[in-house]
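This structure is a prediction, so every number in the text was calculated from the model and none was measured. Every heavy atom of this structure was used, including side-chain atoms; hydrogens, water molecules and symmetry mates were not. To find a chain, count down the sequence lines: A is the first, B the second, and so on, and within it residues start at 1.
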Amino acid sequence: MNKKLLLTGLILFILAWVFLDDLVEDWDQIENAPENLKIFFTEDLWPPDWSVLEAEVWVDGSLHKPNGDVCDESIELFCSKAWTGMVVTIKMAFIATLVGAIIAIPLASIAANNLAPLPINLAARIILAGLRSLPSIIWALLFAIALGFGPLPGILAMTLYTIGYLGKLQYEAMEGISNAPLELGMAMGLTHSERLFHIVIPESSNHLLSQLMFMFEYNVRHGAVLGLVGAGGIGMYIDNYINPPFDYDRAFALLIVVFVVVVIIDLLSMIIRSFVTEEGDVRRPKWWTVLLPAGAALDYYNHKGNRQNSQVEESE
Amino acid sequence: MDIVDESAMENINGSISKDKILMLRNISIGYNKPLVSKISKDIFGGEIIAILGPSGIGKTTLLRTIAGLIRPLSGEVSHKIPRRGGIGYIPQKLGLISHSSVRSNIALGAITRRSKWLSVFFPLDRKLRNDIENAMKSLHIQDLADLPVRILSGGQQRRVAIARTLIQKPQLILADEFLGELDSENVKSIVEATQKAVTELGATLLMVEHNEERALQMADRVWRIKGNELVEEGGFDE
């Protein structure tokens, strides 16, 4: 078994190497890459210019928001490009994720092969694949041509891509749920929507929530890219900085802000999912118990565990 | 030979009606090839029927066929049971939604009593909520109402599955080894609660059971699958 796995891995690796060799014409270009990167990082990126966290100071000394309004916030950060851009991007991502999910979930439910017959599965999957096959930046470009610049084309682009991407993730999650509750629902004579809302969604809630949060995070990250086609948000400021006069250090600072927000969303996702995963039942070790001798730490957990178990047993 | 003699419609608790609620007409069951053939049986309101036989012989397949989850390979299953909510099913794995609370799992049974147009977003009204509370009390799980079912013991989970089925007020309950590997104390209380509810509802209970002694204690009729035949033992046939 292990030999087969090793052999398969080796064949795949060789295949990838052959493809790479076929695609790369000049291997010498790697030679200068580290030096190029070092120069770019030390001369252009580092240190990040944190002035993006401050309001704009006009010649008369007054503080302004990026859109030119006077900054009347007590904290200057709230008037900065990083804050205002990020707030717009988060709002765009929130709307797109919510609306996308509302449309994606019913579509996913008819694309899942345990919930609908094959012809309907195929039709739904073709729609989802179609929405997904165009990257969100191309959707944004199309909407920017139709509607002009601003957050609206960005929101529409993110929404369509969310439907395609989230729909695929969700029908796969729905296909993975246990068959027993579904069969039960069918035997009871529940309708498709009743089975979806009362069985499938609660049963796959862990995956659905995780995917929803991932999609929100994805849309926030892509907000930085969509700015390139004038779709608003923090991406618009990043786009301004990576074009002449090339303020890469400021763009870098904004990218760090995006990174911090993505980490925060990931933490939020972990907290939200803990309500519907079995992790919620697992006793996590407290950090300070590493300072205790092994026996004392074990006593602590056993004592705590016994108290929790007794609550369930009392009801039995 | 397999058709039940209607003149024999007397029962130990007198709750069996003469109404046929389900007719199996010369059916063969199985996946691709028949496991059991030529089954012709009538099932009447209010009776308790146990299906016995060794593992893998087709007991669960018969139950799934009656539930409408798979089609018989030949023959006809006809019934006078409403499609919505008429059949209560307790699968071997219980079919509980592990992340949901006890109350939500029981509510799943109750929504069949609600209009299908309302049930998606407004699944319960005040009466159904009261019924759920009463069902939990009768099966002694009211203290567990808000706990997710995944943390309950096997016996508690079985009570939830039974409450979910009973709240549905079905005419036919299909139970697949619903007593499982429970200890005798749990079995006794669950059997009592189920028998009481079945009698009150006037429902028919068709149960697959591996414990013969338990089956004979509960059932009015016993069907045994031998080879690829379904044979009726005791009860009305004898």
Using non-hydrogen atoms and a 4.5 Å limit, figure out which bit of [X] sits close to chain A: side chain, backbone, both or neither.
X        : value
B:Ile87  : both
B:Ile141 : neither
B:Arg159 : neither

request  = Check each of B:Leu166, B:Thr204, B:Ile48 against B:Ile173 using the side chain to side chain contact (heavy atoms under 4.5 Å, CB included) test, and report the only one that passes.
outcome  = B:Leu166
ask   = Any side-chain heavy atom of B:Trp223 within less than 4.5 Å of one from B:Leu62?
value = yes
query = Is any side-chain heavy atom of A:Ser109 closer than 4.5 Å to a side-chain heavy atom of A:Val200?
reply = no
query = Residues of residues 121-135 of chain A under 4.5 Å from chain B (heavy atom pairs)?
reply = none
remark   = Filtered by a 4.5 Å non-hydrogen cutoff, the part of residues 180-189 of chain A contacting chain B is A:Ala180, A:Pro181, A:Glu183, A:Leu184, A:Met186, A:Ala187, A:Met188, A:Gly189
task = Go through B:Glu192 and B:Lys188 one step at a time and tell me if the salt bridge (charged side-chain N to carboxylate O under 4.0 Å, His left out) criterion holds.
result = CA-CA 6 Å; B:Glu192 278 171 8; B:Lys188 189 168 174 275; 3.6 Å; yes
Charged N to carboxylate O below 4.0 Å: is that the case for [X] and [Y]?
X        : Y        : answer
B:Asp125 : B:Arg129 : no
B:Asp42  : B:Arg25  : yes
A:Glu217 : A:Arg221 : yes

key: residues 114-123 of chain B: residues contacting chain A (heavy atom under 4.5 Å, by number)   = B:Lys116, B:Ser119, B:Val120, B:Phe121, B:Pro123
query = Is A:Phe94 atom CZ crowded by more than 12 heavy atoms from other residues, nucleotides or ligands, each under 6.0 Å away?
reply = no
request  = For B:Met136 and B:Ile106, work out which heavy atoms get closest and say how close.
outcome  = CG-CD1, 3.4 Å
task = Would you name the heavy atoms of B:Pro170 and B:Ala203 that are closest together and state the gap between them?
result = O-CB, 3.3 Å
message = Taking side chain as everything from C-beta outward and backbone as N, CA, C, O, which of these in A:Ser193 sits under 4.5 Å from a heavy atom of chain B? Side chain, backbone, both or neither.
response = both
key: Distance-only side-chain donor-acceptor flag, B:Ser153 / B:Gln156, under 3.5 Å   = yes
request  = Please test B:Leu24 against B:Ile66 for side chain to side chain contact (heavy atoms under 4.5 Å, CB included), starting from the C-alpha separation and ending with a verdict.
outcome  = CA-CA 9 Å; B:Leu24 308 177; B:Ile66 293 171; 4.1 Å; yes
ask   = So which of B:Leu174, B:Leu108, B:Thr112 has the largest heavy-atom pair count under 4.5 angstrom toward chain A?
value = B:Leu108
Full working for salt bridge (charged side-chain N to carboxylate O under 4.0 Å, His left out) between B:Lys93 and B:Asp176 = CA-CA 9 Å; B:Lys93 291 178 183 170; B:Asp176 195 353; over 6 Å; no
query = Which is it for B:Leu35 and B:Ile57 under the side chain to side chain contact (heavy atoms under 4.5 Å, CB included) test, yes or no, and what are the steps along the way?
reply = CA-CA 7 Å; B:Leu35 283 167; B:Ile57 200 149; over 6 Å; no
request  = With sequence neighbours left out, write down each residue that passes side-chain contact (heavy atoms from CB on, under 4.5 Å) with A:Ser210, or none if nothing qualifies.
outcome  = A:Arg273
